[in-house]
Amino acid sequence: MTQTTLPTLPNYINGQWCDSKATESLEVINPATAQPIAQVPLSPAEEVEQAASAAAIAFQTWRRTPPTQRIQYLFRLKVLMDEQFEDLSRTIVQECGKTLDEAKGEMRRAIENVEIACGIPMMMQGTNLEDIASGIDEFMIRQPLGVAAVIAPFNFPGMIPFWFMPYAIACGNTYIVKPSERVPLTMQKIFHLIDQLGLPPGVLNLVNGGKVAVDAILDHPHIRAISFVGSTPIARYIYSRAAANGKRVQCQGGAKNPVIVLPDADMEMTTRITADSAFGCAGQRCLAASLAVTVGEARQTYTDAIAQAASTRIVGYGLESGVQMGPVITAQSRSRIEQLIQLGADEGAEVLVDGRSPQISGYEQGHFVRPTILKNVHPQSEIAKTEIFGPVLSLMHVETIEEAIALVNSGQYGNMACLFTSSGAAARQFRYEAEAGNIGINIGVAAPMAFFPFSGWKESFFGDLHGQGNHAVEFFTQTKVVVERWSQKDWSRKF
Ligand code: NAD
């Protein structure tokens with residue numbers, strides 16, 4: 001907790017910007033420069049209560065607004081986001097540390113989710129069957145739940161709330177966004193666009209904060225559904241506490257994503273793609289490759305090529321042209337990552353490319369770690385199991401695809417697994433057997449498009465319905481079944 005002269009960001013509740021009454025706040029730091037760029041309030045439970053009450057009142061009218069009218073606000077939001085695309089992307093770079101291209105990719109995916117949610121009049125339809133018994137018909141209708149909320153992580157400040165929010169309100173729910181307290185600025189700017197939509201007050205609300213605000217969301221009786229994205233320990237906590245309070249809950253957690261390289265892979269393409277996966281966004285993607293498992297003769301060629309790619313990656317401030325990788329989010333993250341690299345070395349791995357303590361000219365205070373490669377990582381070592389969430393790729397080696405798949409399946413997480421090969425049969429075997437919810441075949445970041453669910457498995461996900469697409473529509477609606485019979489007498493009545 002520190003004091004700065006920077007203004008404290010307001011919340012957006014019931015259609016109004018309002019200053020938080022928080023007694024504590026945090027500095028938002030640009031990770032490349034280590035300079036404070038804003039101050040975020042750690043809002044108290046009362047402000048969650050205000051947002052939840054406003055959302056509950058707004059729900060009564062919003063759920064009666066026809067879906068075709070509800071989506072008109074989303075069409076307008078898409079236009080405004082397209083107009084502000086450059087500014088929003090630059091804000092992501094400033095608070096989160098990505099390169100501008102990475103930030104633009106993120107914003108594009110956020111906008112795609114708005115576009116897909118505009119299909120709600122089709123996606124939200126129910127089903128029916130006439131004559132389930134003679135003269136009796138049955139319908140399944142989807143109705144919104146009420147107030148829902150998202151608790152978001154730091155690594156995609158623009159995109160992740162959009163895996164949920166557009167679907168939630170298009171389905172007739174009202175909504176609260178709680179961004180990561182480390183990167184609140186992008187959502188602040190997006191809510192300035194939301195403020196221009198003319199939405200009824202209370203439909204969309206923004207509450208900044210940390211644990212106190214999260215716990216208030218988890219316990220609030222008006223909030224019916226919670227989406228969480230973040231680390232696995234917090235995902236487990238959110239899932240249990242929200243479920244114990246009777247809420248519908250979906251929690252996407254951490255990851256340790258393996259990529260398998262077969263000897264028949266196109267090595268140039270494989271190296272380029274896996275380097276982007278491991279080091280893009282400074283390794284702070286939940287779909288970042290973290291383990292590369294070479295099979296048979298792929299070992300030497302791939303090891304040499306990926307070491308070369310790691311050593312030559314251009315690291316710096318993401319707003320500067322030509323930069324291929326930015327900093328990690330905080331100084332604490334940097335020291336944690338560096339300690340984990342040391343742990344790998346202590347456990348017997350060779351630090352083939354060492355990215356610790358780099359000097360980035362002009363950004364000496366920034367939270368930089370250069371791409372790092374650990375070679376000969378033992379599958380049972382801690383470093384092979386721990387989510388590093390930084391630009392560190394661990395190399396392992398096996399002799400067969402079966403051993404490689406067994407290694408993939410031995411992990412506690414199941415967010416993503418990828419295979420690089422030119423064999424269709426190997427690809428099918430991998431797709432069929434790998435225990436992960438997002439599979440890449442010659443793809444390094446197997447991120448589902450907005451119209452597919454973001455399908456983590458195992459300790460990468462707690463719940464059953466994921467974010468995006470039809471899963472989001474199911475998550476944000478409850479089904480109602482109507483069984484209907486009309487008497488024969490009515491049929492024959494003369495008018
Ligand atoms: P985090 O778990 O620290 O924080 C996520 C959210 O939880 C934040 O809004 C934070 O305010 C809140 N929070 C943190 N500690 C809390 C506590 N004790 N009680 C209540 N709320 C708390 O995650 P992060 O560091 O912001 O994000 C990185 C993590 O997110 C990584 O583990 C990454 O793999 C994961 N992630 C997963 C996915 C996915 O789709 N599976 C996507 C993006 C990120």
Side-chain angles (χ1 to χ4, degrees), residues 24 26 28 31 40-43 45 48 95-98 106 109-110 113 149-164 176-184 186-187 206-219 226-242 249-257 281-290 328-330 332-333 336-337 340 367 386-390 411-416 436-438 445-448 452-463 465-468 471-472:
E24 289 181 306
L26 285 180
V28 181
V40 63
L42 298 180
S43 301
V48 170
E95 66 177 351
C96 187
K98 299 181 181 192
E106 169 177 353
R109 192 55 66 87
N113 274 286
V150 59
I151 300 157
F154 81 81
N155 63 331
F156 284 93
M159 175 182 75
I160 285 180
F162 281 89
W163 288 352
F164 314 103
I176 301 171
V177 178
K178 203 300 282 174
S180 164
E181 60 274 42
R182 284 180 266 170
V183 291
T186 309
M187 270 301 128
L206 174 72
V207 179
N208 289 293
K211 181 169 173 54
V212 169
V214 171
D215 287 348
I217 289 172
L218 301 180
D219 294 343
I226 294 176
S227 305
F228 169 86
V229 182
S231 58
T232 290
I234 308 298
R236 189 182 275 112
Y237 165 72
I238 305 268
Y239 190 69
S240 350
R241 184 154 166 176
V249 51
Q250 51 181 189
C251 293
Q252 308 201 178
K256 184 85 185 173
N257 303 305
C281 298
Q284 299 172 119
R285 283 189 191 115
C286 64
L287 297 180
S290 182
V328 298
I329 188 73
T330 57
Q332 292 84 339
S333 281
R336 181 179 167 275
I337 292 163
L340 286 168
H367 314 143
T386 307
E387 180 180 40
I388 301 174
F389 224 54
Q412 70 185 100
Y413 297 106
N415 218 29
M416 179 187 82
N438 301 293
V445 180
F452 284 96
F454 197 104
S455 298
W457 280 19
K458 293 163 89 174
E459 302 240 325
S460 296
F461 183 71
F462 302 87
L465 294 165
H466 298 80
Q468 298 197 144
H471 273 219

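Every number for a ligand or one of its atoms is a count from 1 in the order of the listing.
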Is there a donor-acceptor contact under 3.5 Å linking the side chains of S290 and E387? no
Taking side chain as C-beta onward, heavy atoms only, is V249 less than 4.5 Å from F228? no
Residues in side-chain hydrogen bond (donor to acceptor under 3.5 Å, both in side chains) contact with Q284, at least two apart in sequence or another chain: none
Min side-chain heavy-atom separation F162-E106 under 4.5 Å: no
Heavy-atom cut-off of under 4.0 Å around ligand 1: list whichever protein residues fall inside it, by chain and number. I151, A152, P153, F154, N155, I160, W163, K178, S180, E181, R182, K211, V214, F228, V229, G230, S231, I234, Y237, Q252, G253, G254, A255, C286, E387, F389, N415, F454
Would you mind reporting whether N155 and I160 have side-chain heavy atoms less than 4.5 Å apart? yes
Does H367 reach the side chain of S333, with side-chain heavy atoms less than 4.5 Å apart? no
